[in-house]
Structure formats: C-alpha cells, structure tokens
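In this chain, numbering begins with 1 at the start of the sequence shown. Source: prediction; values computed, not measured.
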Amino acid sequence: KVWEHLELDDEGGRREVLPRLRAGATDLELKLRHRDGSVLWTLWNAAPDPDRGLVYAAGLDISERRRAENQIEHLAYHDALTGLPNRHLFVDRLDTALSRARRTGESLAVLFVDIDHFKSINDSLGHTAGDALLRTLAQRVRSALRGEDTVARLGGDEFTVLLAGLRDPEDVLRLTEKLHQTIRQPVDLAGREIAVSASIGVGFYPQDGDNAEQLLKNADLAMYRAKELGRDRTQFYTATMGARLLEHMNLEGRLRRALTTGELFLEYQPIVNLATSRVHTREALLRWHDPTRGTALPG
C-alpha cells in the first residue's frame with residue numbers, strides 16, 4: 001500500500017525526522033503508533049522543497065515485511081517448539097552473567113535438566129505427543145524459576161537453566177527440589193496420564209568452571225551421574241566426575257581396539273548337576289586379554 005504524499009513541517013513532534021529527510025535521507029523506516037495501540041511500519045522517500053522549507057514524502061506500508069524479519073530474528077535465538085531461548089542465546093546470557101559475577105564476586109549456577117525415559121515416551125506415543133510433553137515441561141520449568149533466571153532448550157529433551165546472583169548455594173537445592181516437584185506432576189497426553197521425572201546436574205561458578213563451555217560440560221556430567229544413581233534426582237558436580245569420564249572413554253577405546261585385534265576370546269564352563277555329578281550343560285564366557293593388564297576376569 002502506497003500512502004498519499006504528506007507535507008511534513010516542524011510541528012507535531014516531527015523535529016527528529018525532518019532533519020534526516022532534509023539531509024536527503026531515503027528509504028527511511030518509521031514506526032507509527034495509532035492511538036488504539038496498533039503499530040504500523042512504513043518506508044518513506046523524501047522530496048525536499050528548499051524554497052518553502054518543507055519536505056514532501058511518500059510512505060509505503062512494510063508492516064508484513066517487518067513482522068517476517070522479526071520472526072526470522074526471533075527464530076535465530078529461540079527454540080521453535082517451546083519458544084524458549086536456544087543454545088546461542090543461553091550462552092550469550094551466560095557469558096554476560098559470568099562477566100558480572102567476576103566484577104561483583106557473586107556466584108552463579110548452571111543446571112542441566114534431562115527428562116527421564118523421554119525416548120520411550122516418544123517411541124510409544126509418537127512425536128506429536130512427545131512435542132506436546134516438551135512444551136508442557138518447558139512452561140512448568142519456566143514457571144518454577146525466578147523472573148531473572150534463564151531457561152533454554154538445547155535440543156531433544158535437554159534444558160539448561162542459568163541462576164545468577166546467588167548468595168547461598170542452598171537456594172539452588174531448594175529450587176531444584178521445586179523443579180522436581182513441578183515436573184513430577186502427571187501430564188495428560190492424548191487422554192493418558194503420563195508420569196514424568198527429570199535428572200538434574202548442577203555446576204557452580206567459580207569452583208566448577210570459569211567459562212560457559214566448562215560450566216555446561218560439568219553440569220552435563222553431573223546430570224549423567226544423577227541418571228547413573230537412579231534418575232529423578234539432583235547431582236552436584238565434583239572433580240571426580242571428570243576422572244570417571246576419562247576412565248570410561250579410555251575403557252571404551254580399549255574395547256574397540258580389542259574387537260579388531262583379537263583380544264576377545266571364548267571360554268566354556270561346565271555346569272554340573274550336583275545330584276548326579278554329571279555335566280548338565282555348558283556356558284560360553286567372553287574373556288578379554290588386555291596386553292597391558294592381562295586377562296580380565298569377573299570381580
């Protein structure tokens with residue numbers, strides 16, 4: 001829609017716009033607000049009249065284009081399914097919070113929240129139900145936090161939470177318990193009540209990391225430890241978790257090598273019937289002969 005040519009002068013609050021138009025500005029975007037609160041974005045082209053000291057301008061309605069641009073910008077920093085901040089925006093806010101914490105000496109915490117058994121729910125009820133569950137849980141987590149806290153969806157069933165300006169670490173324990181209680185409430189999916197729980201890992205600044213990448217990694221490690229201990233619980237990061245991860249990765253690498261170098265072999269063990277003293281059957285046992293550690297046997 002092209003607007004009628006308008007004659008602009010210095011009246012009506014246009015003093016900020018006119019100098020730019022008189023200087024030869026073209027393609028000038030103006031945000032117009034109606035008295036009913038509605039907003040209209042317009043693109044203006046100016047034609048100054050030096051003799052009369054006025055500016056004549058023609059305006060084009062670009063509201064739809066502006067809305068599309070805003071939507072694209074929003075999607076660049078937010079998760080399309082839940083509307084929560086995505087990893088990019090979360091890390092940006094975490095970096096800002098870390099800079100503030102370094103100046104003020106305050107502490108902060110990063111929470112890694114993973115929904116227990118989400119894959120089973122997704123596989124049994126379908127992706128539509130899984131998406132509905134994620135949207136519901138995203139709203140619940142957001143409602144359980146303080147206004148200044150940030151919750152983001154990293155992808156899948158993984159959420160992260162930033163708690164800044166902490167004065168008492170006990171506040172984190174109280175908040176994670178509130179999160180557990182909120183998440184545990186049954187969710188209605190397609191007429192079925194589904195019981196849900198979450199495993200939460202926590203990393204603190206400065207003791208568990210002094211940058212965003214390290215804090216996220218350590219909170220993630222703590223979350224996996226919570227799952228190992230039975231799920232539906234909170235686990236705080238400890239330095240031994242990093243050592244456990246390295247040991248696990250080393251063992252996995254050695255086992256992969258063992259598969260290709262013939263270090264695995266079978267042993268057969270008889271099972272004897274004590275009443276008849278006869279061999280009833282045999283069981284095959286997989287053994288591993290590690291060149292550096294010898295043969296691995298059951299502990």
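- Within the model, atoms CG of L175 and NE2 of H180 stand 10.5 Å from one another, a figure rounded to the nearest 0.5 Å.
- Residues L221 and Y237 have side chains in contact (heavy-atom distance under 4.5 Å, counting atoms from C-beta outward).
- For the side chain to side chain donor-acceptor pair (under 3.5 Å) condition, no pair includes a residue of residues 128-145, sequence neighbours left out.
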Please output the side-chain donor-acceptor pairs of residues 90-101 that fall under 3.5 Å, not counting sequence neighbours, one pair per line with the distance.
from : atom 1 : to   : atom 2 : distance (Å)
R93  : NH1    : T150 : OG1    : 3.4
T96  : OG1    : D92  : O      : 3.1
S99  : OG     : D95  : O      : 3.1

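- N211 meets the side chain to side chain contact (heavy atoms under 4.5 Å, CB included) test with E213, Q214; sequence neighbours excluded.
- More than 12 heavy atoms of other residues, nucleotides or ligands sit less than 6.0 Å from atom CZ of R174.
- With sequence neighbours excluded, no residue forms a side-chain hydrogen bond (donor to acceptor under 3.5 Å, both in side chains) with E193.
- K178 has its side chain out of reach of I183: every pair of non-hydrogen atoms, C-beta onward, lies at least 4.5 Å apart.
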Set out, in order, the CA-CA distance, both residues' side-chain angles and the distance that settles side-chain contact (heavy atoms from CB on, under 4.5 Å) for Q235 and L229, then state yes or no. CA-CA 9 Å; Q235 179 67 45; L229 294 174; 3.3 Å; yes
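- When the side-chain hydrogen bond (donor to acceptor under 3.5 Å, both in side chains) test is applied to Q269, the partners found at least two apart in sequence or on another chain are E283.
- Shortest non-hydrogen contact noted between S197 and D116 is OG-OD2, 2.7 Å.
- Here the closest heavy-atom approach between residue S120 and residue S124 is recorded as O-OG, 2.8 Å.
- In the hydrophobic clustering of ILVMFWY residues, with side-chain heavy atoms under 4.5 Å counting as a link, L189 and L81 come out together.
- Counting non-hydrogen atoms of neighbouring residues, nucleotides and ligands closer than 6.0 angstrom, the CZ atom of F118 exceeds 12 such neighbours.
- Residues V161 and L145 meet the side-chain proximity criterion, which asks for heavy atoms closer than 4.5 Å.
- Side-chain N or O atoms of R153 include none that pairs as donor or acceptor with a backbone N or O of A80 at under 3.5 Å.
- By the side-chain hydrogen bond (donor to acceptor under 3.5 Å, both in side chains) test, E267 is found to be paired with R287, residues two or more places apart in sequence or in another chain being considered.
- One hydrophobic cluster, built from ILVMFWY side chains closer than 4.5 Å, holds both V172 and V141.
- Scanning all heavy atoms of the two residues, the minimum distance from G156 to L134 falls at O-CD1, 3.6 Å.
- No donor-acceptor distance shorter than 3.5 angstrom exists from the side chain of D232 to the backbone of S199, with no hydrogens or angles considered.
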Verdict with supporting geometry, I121 and D123, side-chain contact (heavy atoms from CB on, under 4.5 Å): CA-CA 6 Å; I121 297 173; D123 291 345; over 6 Å; no
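- L216 places a side-chain heavy atom less than 4.5 Å from the side chain of T160.
- For the pair L89 and N86, the minimum side-chain heavy-atom distance is below 4.5 Å.
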Side-chain polar contacts of residues 270-279 - donor-acceptor pairs under 3.5 angstrom, sequence neighbours left out - could you list them?
from : atom 1 : to   : atom 2 : distance (Å)
N273 : OD1    : A275 : N      : 2.9
T276 : OG1    : R278 : N      : 3.4

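- For R192, the side chain to side chain contact (heavy atoms under 4.5 Å, CB included) criterion is met by L125, I194, not counting sequence neighbours.
- A salt bridge links E228 with R225; the closest basic N to acidic carboxylate O contact falls under 4.0 Å.
- Interatomic distance, CD of E177 versus OG1 of T234, reported as 7.0 Å (0.5 Å rounding).
- Shown here for D149 and R146, the closest heavy-atom pair between the two residues is OD1-NH2, 2.7 Å.
- Y224 and L215 fall into different hydrophobic clusters, where Ile, Leu, Val, Met, Phe, Trp and Tyr side chains are chained together by heavy-atom contacts under 4.5 Å.
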Steps toward salt bridge (charged side-chain N to carboxylate O under 4.0 Å, His left out) verdict (E263, R293): CA-CA 12 Å; E263 297 172 16; R293 303 190 181 191; over 6 Å; no
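- Residues Y268 and L286 share a hydrophobic cluster, clusters being chains of Ile/Leu/Val/Met/Phe/Trp/Tyr side chains in contact below 4.5 Å.
- Partners of F204 under the ring pair (Phe, Tyr, Trp, His ring centres under 6.0 Å) rule, at least two apart in sequence or in another chain, are F236.
- Taking H117 as the reference, nothing meets the ring pair (Phe, Tyr, Trp, His ring centres under 6.0 Å) condition, with sequence neighbours excluded.
- By the side-chain hydrogen bond (donor to acceptor under 3.5 Å, both in side chains) test, T295 pairs with H289, sequence neighbours left out.
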Please lay out, stage by stage, how M223 and I200 fare under the test side-chain contact (heavy atoms from CB on, under 4.5 Å). CA-CA 5 Å; M223 181 274 294; I200 301 176; over 6 Å; no
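- Side-chain heavy atoms closer than 4.5 Å link hydrophobic residues (I, L, V, M, F, W, Y) into clusters, and following such links, even through other members, never connects W288 to L285.
- R87 and D79 are not joined by a salt bridge, as no carboxylate oxygen comes within less than 4.0 angstrom of a charged side-chain nitrogen.
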Would you tabulate the side-chain donor-acceptor contacts of residues 105-115 under 3.5 Å, counting partners in other chains and residues two or more places apart, or write 'none'?
from : atom 1 : to   : atom 2 : distance (Å)
S107 : OG     : Y205 : O      : 2.7
D114 : OD1    : K227 : NZ     : 2.9

